[in-house]
Amino acid sequence: MMNRSNSIVNLFYQFKGNNSFLKTPSSYFQFGLGFGPHYSFSASLIHSNSSSNAHNDIHPQSIYQKINNLDDALNLFDQMTQRQPLPSIIKFNQLLQSVTKMKHYSHSLQIFKQMCLLRVPVSVYTISIVIKCCCQLHRTKDGFAALGFCFRQAIVPNVFIFSTLLDGLIIEDRILEAEIFFKKLIKKKLCEPDVVMYNTMIKGLCKISNNVIAISLLKLMDERGCKPNVVAYNTVIDSLCKDRLIDDAFNLFKEMVFDKGIKPNVITYNSLIDGLCKLGRWDETPKMLQEMLDDGISPDVLTFNILIDAHCKEGKVKEAEDVINIMLKRGILPDLVTYSSLIDGYCLRGEMSKAKSVFDSMAIRGTFPNIVTYNSLLNGYCKNLKIEEAMNLFHEVTIKGLKPDVVTYNTMIQGLFRVGRCGDARKLFDEMLAKGLKPNEYTYRIILEGLCNNHKIEEALSLFHLMGDGKLNSDIVVYNILIDNAGKFGKLDIARVLFQDLTSKGLHPDDQTFNVMISGLCREGLVRDAKQLFLQMAESGCSPNNVTYRLLLQGYLRNQYYDDVEMLLHDMDGRGFSLDASTVSLFLDKIAAGSLDTTLLELIGNLVPKELMDGPSFFA
DNA sequence: ATAGGGTTAG
């Protein structure tokens, strides 16, 4: 027993990251959770049988779990605290749970604190709810502190508590620590993981796209006598789909169904259908839907949203409307996501009046626009340069009692920059800060790109330097924007410095970084350097894409580096890339001018995609 | 009979 307790203390030290907690009484209070020495072990003994008295109950058993608004919950809590003796801990836990289910995590912690002050004898259930709240508030640290509290209360943490903490680490993207924690729990025999705990760890691994390890954990749990269930498989299948590894996802799906005899559910199918849609494998989607129906599984609102969203993202709003009609026939109502997708679809096509009428019809059909819906329509107006409409709608947000969020401001700021209203963009940025909204990486990218597009590259650069070495300045996309624009404004030296700078910060250039650098170099006729960079690209693990080839080919052709052209074309052919229309016509010009050998024509012909061949006859 | 995990979106 002692051994076990010591291990818990060690765990608590390790993840809380503050080794003074157990030694310094004052630090008990730093979390505001009431884990204090004043709450003694004897207090829980005094009250432990306090309220089995049914005469004290003015409320029926169920009320504590059925509360559905915060004020009622707080009132009920007040009433409970007035009673003598106090209601049982079970009722307190039920109340705490209903507040937590409403996602009022801070209020749950407040209630818990008061319970401690009233010396309600909290139980392992109470602690697990409290830890859940800490974790949901991204305060996993405090969750681990509660582990110390458990220890002093002689409450033995169980698999529920450890799973919650594991999930907390994963919520905070501390996957490596989660893995260490998980392994330690097993090694020190603090608890035997059950299916939920394994699934939580699998989710963590999937979150960092570590699908291979996730699959091996799936096998491991089976070997250790814990059968993976449909949730375990769904987690990995979804992750594979998101990483575009749809064939691996289908293999796992088959393993699940045929080898393990686990029945897929609607979530399994939703993941697979979404994966197919995102890869543009349209022909397989209806098959999957049919298979789902044959399996006796009904599509839900998510299934339809996936299909609707996929169509809308391709601009196929007509098809999306058809899906909505099918959905309605099946008695499933569109939700906020459905409408947002549809609005996005019309916005993408520039059909703003249609987008607006979808928006207006929502409320009539009983679904009221939220901030995301507003953001969709705002984005549409901004992208279509209808800034006045956007401004009017932006003001409507507050009037309707909604709060503009970071995305709202980002959208508006981008829109204002697009029409050249840099000053107004600045004003909105200040307004955003004044409202206490924290700019994110997108905000910063939008401002830098906006400044550059309005020929204010100097301002962009000084803003960039002003930001120092923080998180926002360690964003590869920011570097890509600045390098690209430095190149466009004839400041290739600055582009080069930035390129050096990012590597010295430990950042890795991505394919776009190489592309903008190559583009800058070719623009200045420095084709040799561009070629050097192209070779460096492969070394650093980035693979060239269509844009890379286009830039380099055009650079070679414009600067009469004909020797390298043929090699590059063969390279493209081998990797299955194709030429775009503008590069093809540049080739034809060069051949017509006699600069290039006609023997290249056959190779070029192989690289021209079918769509281009059907058009005006290049090769007639 | 009160606690922990999985799917969609800007």
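Note that this is a predicted model, so its numbers are computed, not measured. Below, chain A is the first sequence line, B the second, and so on; all start at residue 1.
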>> Is it the case that the base of B/dG4 and the side chain of A/S163 share a donor-acceptor contact (distance under 3.5 Å, atom types as modelled)?
In response: yes
>> So, using ring-ring contact (aromatic ring centres under 6.0 Å, His included) as the criterion, who are the partners of A/F429 when residues are at least two apart?
In response: none
> Under 4.0 angstrom, heavy atoms only, what part of the nucleic acid is A/M197 near: base, sugar-phosphate, or nothing?
Replying inline: base
>> With the threshold set at under 4.0 Å for non-hydrogen atoms, list the residues of residues 244-254 of chain A touching DNA chain B in residue-number order.
In response: none
> Would you say the base of B/dG4 and the side-chain of A/D194 have a donor-acceptor pair closer than 3.5 Å?
Replying inline: yes
> Who are the salt bridge (Lys or Arg N to Asp or Glu O under 4.0 Å) partners of A/K263, not counting sequence neighbours?
Replying inline: none
> Among the nucleotides B/dG6, B/dG10, B/dA3, which one has an atom lying closest to any side-chain atom of A/N265?
Replying inline: B/dG6
> Are the ring of A/F160 and the six-membered base ring of B/dA3 within the stacking cut-offs of under 5.5 Å and under 30°?
Replying inline: yes
>> Per the ring-ring contact (aromatic ring centres under 6.0 Å, His included) rule, what does the pair list look like for residues 196-235 of chain A, sequence neighbours excluded?
In response: A/F182-A/Y198
> Any donor-acceptor pair under 3.5 Å joining the side chain of A/N158 to the base of B/dG4?
Replying inline: no
> So what does A/K383 touch, heavy atoms closer than 4.0 Å: a base, only the sugar-phosphate, or nothing?
Replying inline: nothing
Between side-chain atoms of residues 309-317 of chain A and protein atoms elsewhere (two or more places apart, or another chain), which donor-acceptor pairs fall under 3.5 Å?
| unit_1 | atom_1 | unit_2 | atom_2 | d |
| --- | --- | --- | --- | --- |
| A/D309 | OD1 | A/K313 | NZ | 3.1 |
| A/D309 | OD1 | A/S341 | OG | 2.9 |
| A/D309 | OD2 | A/K313 | NZ | 2.9 |
| A/H311 | ND1 | A/L307 | O | 3.1 |

>> Holding to salt bridge (Lys or Arg N to Asp or Glu O under 4.0 Å), I want the full list of residues that pass it with A/K386, two or more places apart in sequence or in another chain.
In response: none
